[in-house]
Amino acid sequence: MPEGPSIILMKESLQPFVGKQVTEASGNAKFDKEVLIGQKLLEICTFGKQTYLIFEKAVIRIHLLMFGSYSINEQTKPDKSLRLGLIFSSEGIYFYTCSVKSVDPEFLFSIDWEADVMSNRWNPQKAEEKLKSSSDMMVCDALMDQNIFSGVGNIIKNEVLFRIGVQPESLLGKLPSQKRKELITEARNYSFDFLEWKRAFTLKKHWLVHTKSICPQCGSKLIKKQTGKGKRRSFYCEKDQKLY
DNA sequence: ATTTCTGTTGTTGG
DNA sequence: GCCAACAACAGAAA
């Protein structure tokens, strides 16, 4: 489920619950769920891969991590291992295998919303400053850095780097400023393409390098390698992606 | 055909 | 600051 664009889709499907009151709360999440009962869901905010359910007197943070999932109005059986279930009169939402925490509402004010590539508050200039200040960082790590490109995950990373023709292990400091700009622009552009493809259930079809073995541009074999500090797998073409 | 193994759209805590 | 741990399930290997 979990890169930023997928979280936007989750938010969209949860939107009908905004304005409704919790009547029942269940699940093995380790916080006091009872306090939610009777509270109205005021708003849903997303920041990168995180989702904040804003209630009248509480804020719940949800992170799907790698394998998290959710469902809505589940007719079916006893929970497989429900982390959090919220019933609003007759309808409900259910979260599984994810991180769920109750956070201090004040915490929302400490978030750098301009770092979220999916947000209309996204600030490319700010991203540029952050990139400039860490010149010995590899581009693959930079894209995965949630303080710079909140919402970007491994798939987006690989596809963006192919789009702009940059080898994942390139150092930020060696990147020409034009390329640095493309990196920023495409991180956001690709994320929105991802969103629309995912919405249309055609995301995988559009992958050019991620999990692929042949370069769609020159036909040569793609390199698959764990790169950067994050040691996350990268797929790239040695001919079409330049190492700076 | 069926079972087992491998790897991962991510973060945290030690 | 780095690595191990954790999670569930699809696709690959056996």
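None of the values given here were measured: they were computed from a predicted structure. Reminder, nothing fancy here: chain letters follow the sequence lines and each chain counts from 1. Because only heavy atoms are used, hydrogens play no part in the values below, and waters and symmetry mates are left out as well, while side chains stay in.
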Between side-chain atoms of residues 27-44 of chain A and protein atoms elsewhere (two or more places apart, or another chain), which donor-acceptor pairs fall under 3.5 Å?
from, atom 1, to, atom 2, distance (Å)
N28(A), OD1, R83(A), NE, 2.8
D32(A), OD1, E34(A), N, 3.1
K33(A), NZ, G27(A), O, 3.2
K33(A), NZ, A29(A), O, 2.7
Q39(A), OE1, E56(A), N, 3.2
Q39(A), OE1, K57(A), N, 2.6
Q39(A), NE2, V35(A), O, 2.8

Any side-chain N or O of K231(A) under 4.0 Å from OP1/OP2 of dG1(C)? no
Length of the line joining F95(A):CZ and dA8(C):C1', which is rounded to integer Å: 18 Å
Would you compute the distance between atom CE of M144(A) and atom OG1 of T227(A) and round it to the nearest 0.5 angstrom? 9.0 Å
Counting heavy atoms from C-beta on, name the nucleotide in dT9(B), dT8(B), dG10(B) closest to the side chain of K224(A). dT8(B)
Watson-Crick or G-U stems of DNA chain B, 3 or more pairs, under 3.5 Å, by first number: B:2-8 with C:8-14, B:10-14 with C:2-6
Rounded off to whole Å, could you give me the NZ-to-P distance for the K101(A) and dT11(B) pair? 12 Å
Nonpolar side-chain network containing F47(A), other nodes, edges under 4.5 Å: Y52(A), I54(A), V59(A), V103(A), F107(A), L108(A), I111(A), W113(A)
Relative to the 5' end of DNA chain C, which residue comes earlier, K229(A) or K204(A), by the nucleotide with the nearest heavy atom? K229(A)
K20(A): partners by salt bridge (charged side-chain N to carboxylate O under 4.0 Å, His left out), with sequence neighbours left out: E91(A)
To the nearest Å, how far apart are D141(A) CG and dG10(B) C1'? 14 Å
Pair listing, salt bridge (charged side-chain N to carboxylate O under 4.0 Å, His left out) test, anchored in residues 160-176 of chain A, at least two apart: R163(A)-E186(A), R163(A)-D193(A), E169(A)-K225(A)
From the set dT11(B), dA8(C), dT8(B), return the single nucleotide nearest to any side-chain atom of Q146(A). dT11(B)
So, with a heavy-atom separation below 4.0 Å from DNA chain B, the residues of residues 150-160 of chain A are G153(A), N154(A), I155(A)
Length of the CD-C1' vector between Q226(A) and dT9(B), whole Å: 15 Å
Would you say I164(A) and F162(A) are hydrophobically clustered, going by side-chain heavy atoms of ILVMFWY under 4.5 Å? no
Go through the structure and list residues passing salt bridge (charged side-chain N to carboxylate O under 4.0 Å, His left out) with K224(A), not counting sequence neighbours. none
Salt bridge (charged side-chain N to carboxylate O under 4.0 Å, His left out) with E159(A): which residues, sequence neighbours excluded? none
My understanding is that only residues two or more places apart in sequence, or in another chain, count here; which of them pass ring pair (Phe, Tyr, Trp, His ring centres under 6.0 Å) with F55(A)? none
Whole angstrom value for the distance that separates C1' of dC6(C) from CG of L64(A): 15 Å
Give me, pair by pair, the N or O atoms of the protein and of nucleotides 12-14 of chain C that are less than 3.5 Å apart, along with how far apart they are.
none

Taking OP1 and OP2 of dG7(B), is either one under 4.0 Å from a side-chain nitrogen or oxygen of R233(A)? no
Distance, C1' atom - from dC2(C) to dT9(B), rounded to whole angstrom: 23 Å
Distance below 4.0 Å between H63(A) side-chain N/O and dG10(B) OP1 or OP2: no
Would you tabulate the side-chain donor-acceptor contacts of residues 235-244 of chain A under 3.5 Å, counting partners in other chains and residues two or more places apart, or write 'none'?
from, atom 1, to, atom 2, distance (Å)
Y236(A), OH, Q167(A), NE2, 3.4
Q241(A), OE1, C237(A), N, 2.9
Q241(A), NE2, L161(A), O, 3.2
Q241(A), NE2, V166(A), O, 2.9

Do any side-chain nitrogens or oxygens of R232(A) fall under 4.0 Å of OP1 or OP2 in dT8(B)? no
Under 4.0 angstrom between R83(A) side-chain N/O and dA7(C) OP1 or OP2: no
OP1 or OP2 of dT11(B) versus the side-chain N and O atoms of K49(A): is any pair under 4.0 Å? yes
From CZ of F149(A) across to P of dG10(B) the rounded distance in Å is 15 Å
Do D141(A) and K231(A) sit within salt-bridge range, that is, some charged N less than 4.0 Å from a carboxylate O? no
Can we say E128(A) and K181(A) salt-bridge, meaning some charged N sits less than 4.0 Å from an Asp/Glu carboxylate O? yes
Scan the side chains in residues 201-216 of chain A for donor-acceptor partners under 3.5 Å anywhere in the protein, sequence neighbours excluded, and list what turns up.
from, atom 1, to, atom 2, distance (Å)
T202(A), OG1, W197(A), O, 3.4
H206(A), ND1, T202(A), O, 2.8
H206(A), NE2, W197(A), NE1, 3.2

Could you state the atom-to-atom distance from NE2 of H210(A) to P of dG7(B) in whole Å? 15 Å
Could you give the CG-to-C1' distance, from L65(A) to dT9(B), as a whole number of Å? 11 Å
